[in-house]
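The block underneath contains the structure these notes are about, expressed in structure tokens.
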Amino acid sequence: MRSTEVKNRTSTDGIKSLRLITAVKTPYLPDGRFDLEAYDSLINTQINGGAEGVIVGGTTGEGHLMSWDEHIMLIGHTVNCFGANIKVIGNTGSNSTREAVHATEQGFAVGMHAALHVNPYYGKTSTEGLISHFKEVLPMGPTIIYNVPSRTSQDIPPPVIEALSCYSNMAGVKECVGHERVKCYTDKGITIWSGNDDECHDSRWKYGATGVISVASNLVPGLMHSLMFEGENAALNEKLLPLMKWLFCEPNPIGLNTALAQLGVVRPVFRLPYTPLPLEKRVEFVRIVEAIGRENFVGQKEAQVLDDDDFVLISRY
């Protein structure tokens, strides 16, 4: 049975309505395998904190460091364990159209509610090539397109998104370019999620974004829920900005991986090429937790600085 024959577990409109989607972290055991016990705890925390969806195996979840077997297994596991309580959006994008098609077929076959697709990276293509790439995956099920030029080295320009917006499975765009691009789309009725935590409050309340696909919500899901659901709150946004700035002082997910280890909710295990933030940044994180309030963060343990030797770096996984 091909994925186009599998009945979707949610409608495209059901994805368009989501305001808080967490790009969830993938935790590891000391040998580099997935720590599913810690992962399940993270997902439960997201559900309890008010997140409506999770991106599985995205940039934050290090899908690019997974085999496709690992990737599809984790999507299926998330659907089977939590799909009744949260929308599961699988990152099945690739710079190869063939791989993107195959992975998306598999993702929908194991029950994901929607797919996340980035534009082809490194081997950049033309505008027509971008449209053709996305047209191959859109018929399979609800789809969010992810525009992050800082990682792909190629912007997805508005004419591409506008050309694809007529597809019934086009749920919307995770947009990282900024407020003006967000407004460009929302003025045309295209659903947009901010891809930048530090901009998401204004994108949501001043520029018409539906919500955010967030890294910070791994740590403070309840506060991010408030930021997206309870109207303009400049004071809360200002309170969270130091955390958001800290999270991205090095390329994501380095900061998040370090923070979750410091909070004791994942083991301090990194799949290379990621390495933890240095000591001074770990000290800074403890201060940020104290300023925002430990009760607002995931986990039960006090934030620890940790020693450099506490971290395990895995090159074979």
Side-chain angles (χ1 to χ4, degrees), residues 10-23 52-60 63 87 89-95 97 100 104 107 112-121 124-125 127-215 217 228 252:
T10 195
S11 67
T12 303
D13 285 343
I15 299 300
K16 288 182 176 182
S17 66
L18 305 179
R19 297 185 186 181
L20 177 59
I21 302 170
T22 299
E52 300 168 295
V54 287
I55 304 290
V56 178
T59 305
T60 306
K87 298 302 182 187
I89 302 157
N91 169 32
T92 53
S94 173
N95 59 345
T97 304
T104 304
M112 69 183 184
H113 301 111
L116 180 74
H117 279 280
V118 72
N119 51 305
Y121 45 88
K124 298 188 291 185
T125 187
T127 297
E128 186 58 38
L130 289 173
I131 294 171
S132 297
H133 175 82
F134 290 124
K135 279 184 175 180
E136 290 299 312
V137 295
L138 273 164
M140 298 179 188
T143 301
I144 296 172
I145 292 176
Y146 180 17
N147 186 34
V148 56
S150 65
R151 291 184 180 271
T152 65
S153 297
Q154 184 177 28
D155 182 32
I156 304 174
V160 172
I161 299 302
E162 291 163 16
L164 299 171
S165 63
C166 61
Y167 279 75
S168 60
N169 283 330
M170 175 66 169
V173 182
K174 177 184 177 183
E175 183 57 73
C176 294
V177 166
H179 296 314
E180 294 307 316
R181 182 68 64 85
V182 168
K183 188 175 188 301
C184 166
Y185 291 137
T186 57
D187 284 349
K188 294 178 171 66
I190 297 170
T191 299
I192 297 296
W193 293 272
S194 173
N196 300 324
D197 279 311
D198 61 345
E199 295 182 344
C200 71
H201 172 269
D202 288 356
S203 282
R204 169 85 176 97
W205 300 110
K206 297 179 179 179
Y207 297 92
T210 293
V212 63
I213 297 178
S214 175
V215 176
S217 57
M228 291 296 101
N252 182 51

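Since this is a predicted model, take the numbers as computed values, not measurements. Numbering of residues begins at 1 and proceeds along the displayed sequence.
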Could you go through residues 131-145 and list every donor-acceptor pair under 3.5 Å that involves a side-chain atom there, pairing it with any protein atom two or more places apart or in another chain?
| residue | atom | partner | partner atom | Å |
| --- | --- | --- | --- | --- |
| S132 | OG | E128 | O | 3.0 |
| H133 | ND1 | T97 | OG1 | 2.7 |
| T143 | OG1 | G141 | O | 2.8 |

CD1-CD distance between I156 and E175, expressed to the nearest 0.5 angstrom:
7.5 Å
Between SG on residue C184 and NE2 on residue H179, distance to nearest 0.5 Å
15.0 Å
Which pair of heavy atoms, one from N147 and one from Q154, lies closest together, and at what distance?
OD1-O, 4.1 Å
List the residues meeting side chain to side chain donor-acceptor pair (under 3.5 Å) with D13, not counting sequence neighbours, and say none if there are none.
none
Please name the pair of heavy atoms, one in T104 and one in A115, separated by the smallest distance, quoted to 0.1 Å.
CG2-CB, 4.2 Å
Considering all heavy atoms, the nearest R151-T59 contact
CZ-CG2, 3.3 Å
Give the minimum heavy-atom separation between T22 and S217, together with the two atoms involved.
OG1-OG, 2.7 Å
Pairwise side-chain contact, I55 with T60, heavy-atom cut-off 4.5 Å (strictly under)
no
Heavy-atom side-chain proximity of S168 to T12 below 4.5 angstrom
no
Are side-chain N/O atoms of K188 and S165 paired as donor and acceptor at under 3.5 Å?
no
Residue pair T125 / G129: nearest heavy atoms and the distance that separates them:
OG1-CA, 3.5 Å
Could you tell me whether K16 atom NZ has more than 12 heavy atoms of other residues or ligands within 6.0 Å of it?
yes
With a 4.5 Å cut-off on side-chain heavy atoms, are T92 and H117 touching?
yes
Charged tip of K174 within 45° of Y146 ring normal and under 6.0 Å
yes
State, with a plain yes or no, whether a side-chain heavy atom of R19 is found less than 4.5 Å away from one of E52.
yes
Scanning both residues in full, the closest heavy-atom pair of N119 with L130 reads CB-CD2, 3.6 Å
Can you give each donor-acceptor pair under 3.5 Å made by side-chain atoms of residues 192-199, sequence neighbours left out, with the distance rounded to 0.1 Å?
| residue | atom | partner | partner atom | Å |
| --- | --- | --- | --- | --- |
| W193 | NE1 | L18 | O | 2.7 |
| S194 | OG | N196 | N | 3.2 |
| S194 | OG | N196 | O | 3.1 |
| N196 | ND2 | C176 | O | 3.0 |
| N196 | ND2 | E199 | OE1 | 3.1 |
| D197 | OD1 | S214 | OG | 2.6 |
| D197 | OD2 | V215 | N | 3.0 |
| D197 | OD2 | A216 | N | 3.0 |

Drop me the distance from M112's CE to K87's NZ, to the nearest 0.5 angstrom.
14.0 Å
I need the L116 CG to N91 CG distance, nearest 0.5 Å.
5.0 Å
Tell me, with the steps shown, if V173 and R181 meet side-chain contact (heavy atoms from CB on, under 4.5 Å).
CA-CA 11 Å; V173 182; R181 182 68 64 85; over 6 Å; no
Side chains of V212 and R204, heavy atoms from C-beta outward: is any pair under 4.5 Å?
no
